[in-house]
2 protein chains.
Amino acid sequence: MKVTIYDVAKQAGVSIATVSKVINNTGRMRESTRKRVLETMEELNYRPNVMASALMGKRTETIGLLVQDISNPLFSEVARTIEDRAHERGMNVIICSTDANREKEKKYVELLMRKQVDGLIMGSSFHDKKLLQELISDGFPLAMLTHDDSSLPVSTVSVDDFKGGYEAASHHLFNGHRRIAIIAEHAYSSNFRISGYQAAHKAYGVECREEYFYRTHGTIENGKKYFEKLFHRKDIAPPTAIFACNDQLAIGVIQGAKAQGLGIPEDLSVIGFDNTILATTTVPGLTTVAQPIVTMGKKIVDVLVDEIQAGRSLRERVLYNPELIVRGTTYAAKESAANMKPL
Amino acid sequence: MKVTIYDVAKQAGVSIATVSKVINNTGRMRESTRKRVLETMEELNYRPNVMASALMGKRTETIGLLVQDISNPLFSEVARTIEDRAHERGMNVIICSTDANREKEKKYVELLMRKQVDGLIMGSSFHDKKLLQELISDGFPLAMLTHDDSSLPVSTVSVDDFKGGYEAASHHLFNGHRRIAIIAEHAYSSNFRISGYQAAHKAYGVECREEYFYRTHGTIENGKKYFEKLFHRKDIAPPTAIFACNDQLAIGVIQGAKAQGLGIPEDLSVIGFDNTILATTTVPGLTTVAQPIVTMGKKIVDVLVDEIQAGRSLRERVLYNPELIVRGTTYAAKESAANMKPL
DNA sequence: GAAAATAGATTAAGCGCTTAACTAAAAATA
DNA sequence: TATTTTTAGTTAAGCGCTTAATCTATTTTC
């Protein structure tokens, strides 16, 4: 049967309170007693029951991680660093994929609350803002990754999406491109990437055309689909460059382009976002805007755990710099050999 | 403050036992009473505390999933289907990445046991066989994915690795290749893939040369590295085809080959294994042996949950058929235009 | 050497729930 | 109508732990 604190106490010839004290390293006792209890625990292969101690108001040492889809490389890479850091900090992680679906978000939050998780990391946009505000006003430990909504009094860790968008567009513009399409995601962060893209155009004195702008879910299929939309429009000249707001979209674009016989980057330059493993597996490698995934994953755990330990919101806002990783999918546009500078 | 069963009981004017009964749908009571309690629960936004009920011997409705590395696409894809199915069955999943490291395996198993998880899924090879046997003989609900060790009395779900290896090698052989290298993983399943590869050679009357056999960890870097090893050996003619035992290795091989100026598949045919998202993002697409990931993920959860509910090991062994997905990285060998048949 | 302080341990209450045992009232049976 | 059975609910113990309150030596202080 299960070994309980009573078994240990009996065997060691002390009370359960004493055993509890050695478990938690609290109170005072003779060194010999501590040692004897420790040995007995070892001997009986005793494992304290987390449920019972959680019932007494201790932490469950479990945090919930809500992501859109753990099978998406960005999230699985983030999840891995979160998991590792959480373990270092003595916590387990329950991962839930919400599919950016309100119902699931709600269901999983409820479930996680019932399990008494100590805190929650929102791994990307969380759509049910009302539920979010409820959690926040309940003082529940919360940290948001990649969703820097300044209207919410929560700790956030994210990348400077504006800058990322700016750098991606600037790279294209610098390379002489003047017709640069953007395929954005239905995500909060995309708003900033779009703004950055627009700001870069302004800096270069290039008009930003509505016709080159699409917004969709960030899948490979959609990348392909919107590439085709872009290239089958009769009203506009096709773009010579595309800024896709995640790597999957970029890869879809590349696949669509290659299927049409277009050369990458000779005929079309493509930039992605995230620098997931996918960006490294294409040949040529995908030029993309890197998020410091490992750093961010670590940080979000630290922020959350600090908050849990402090017992109140620390409202930390951390913004990391994105980095443009130039690989093989971007190149000077045909119509302009000379590289360009902003105005 | 937290709403407890007492609050509900008081408000509804019943005893906590009655409330408990409506929560668990047990015992009998007037319909009007049940309804009143239900309404009160709703009204107070009451969420039963899983810890407390777990303490009373109920399930925690949590299962642990141990994988090598959740950031590896194969595992993240599997994890996603496991997660979904588990949720359908009313359970949460705690994911732990072991890095195929004994220490971590042990540490995470301990942690999960302390958290009273109802069962464990071993998502790939589990190295600490002793610990495994301990768990099994303790009667702890366990299911193994992709690790069909017949010496262990556990339920397993896996793909027919022998057949997968056989089909991969046969495809190369059929295409006329006679120098087919194999890069295997340090995983239990690789043994069968290797056997299948050897059996196919036998069927075609082709000698299997030791020099074309390597074993390593299944990363992109290692794919590249072993491609180079293979092509810089002076003692043997380089292979015209490679069977890599996972997609990452295959991609590494392709990257190495392209870096050397080799054309894929004209100069080198490559087959991977797993059919992860990575196999679809390369251009041309990677020919690979598909595991029915979704089916397997679902099944392993069902097996485990059935076992948990039955309260004893069902010792189910499920073997799925792999499927060779021919994409663009395999082609007839130069030295033989005609396709070949087995003896 | 008596009072006060300290060290080392125990007792007992209680966390939020489940459930076996019980009770009281209503319904069925004799 | 009296007795048995059924229904609808309650009481109370206990799951494995934490911790404040308590207790008993043993030391320290003056």
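Keep in mind the model is a prediction, meaning the values are calculated, not measured. Heavy atoms only: backbone and side chains are in, while hydrogens, waters and symmetry mates are out. First the proteins, then the strands, lettered A, B, ... as listed; each starts at 1.
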Legend entry - Sequence-distant partners of A:D149, salt bridge (Lys or Arg N to Asp or Glu O under 4.0 Å), two or more places apart: A:K129

Inset, instruction - Kindly write out the residues that satisfy salt bridge (Lys or Arg N to Asp or Glu O under 4.0 Å) with A:E105, not counting sequence neighbours, or none if the list is empty. - result: none

Legend entry - Any donor-acceptor N/O pair under 3.5 Å between D:dC17 base and A:Y6 side chain: yes

Can you sort out the partners of [X] under side chain to side chain contact (heavy atoms under 4.5 Å, CB included), two or more places apart, ordered by chain and number?
{"X": "B:Q11", "answer": "B:T40, B:E43, B:L44"}
{"X": "B:A54", "answer": "A:M51, B:T60"}
{"X": "B:I23", "answer": "B:I5, B:V19, B:M41, B:Y46, B:P48"}

I'd like to check the side chain to side chain donor-acceptor pair (under 3.5 Å) partners of [X]; sequence neighbours left out, ordered by chain and number.
{"X": "A:K58", "result": "A:N24"}
{"X": "B:N49", "result": "none"}
{"X": "A:S97", "result": "B:E83"}
{"X": "A:T81", "result": "none"}

Inset, instruction - Check each residue of residues 14-21 of chain B for a non-hydrogen atom within less than 4.0 Å of any atom in DNA chain D, then write out the ones that pass by number, or none. - result: B:V14, B:S15, B:A17, B:T18, B:K21

Legend entry - Nucleic acid contacts of residues 23-35 of chain B, taken as heavy-atom distances under 4.0 Å to DNA chain D: B:R28, B:M29, B:R30, B:T33

Inset, instruction - Determine to 10° how strongly the helix from C:dG1-D:dC30 to C:dA30-D:dT1 is bent, judged from the axes of its five-pair ends. - result: 40°

Between [atom2] on [N] and [atom1] on [X], what's the gap in Å once rounded to a whole number?
{"X": "B:L55", "N": "C:dG14", "atom1": "CG", "atom2": "P", "value": "17 Å"}
{"X": "B:M56", "N": "D:dG16", "atom1": "CE", "atom2": "P", "value": "9 Å"}
{"X": "B:R114", "N": "D:dC17", "atom1": "CZ", "atom2": "C1'", "value": "12 Å"}
{"X": "A:N49", "N": "C:dC15", "atom1": "CG", "atom2": "P", "value": "18 Å"}
{"X": "A:R47", "N": "D:dC17", "atom1": "CZ", "atom2": "P", "value": "12 Å"}
{"X": "A:K115", "N": "C:dG16", "atom1": "NZ", "atom2": "P", "value": "19 Å"}
{"X": "B:K2", "N": "C:dC15", "atom1": "NZ", "atom2": "C1'", "value": "13 Å"}

Legend entry - Nucleotide nearest A:A52 (side chain, heavy atoms from C-beta), chosen from C:dG16, C:dC17, D:dC17: D:dC17

Inset, instruction - For residues B:S313 and B:P153, report the shortest heavy-atom separation together with the two atoms involved. - result: OG-O, 4.2 Å

Inset, instruction - Please say which of B:N72, B:T146, B:I95 ends up in a side-chain contact (heavy atoms from CB on, under 4.5 Å) with B:V67. - result: B:I95

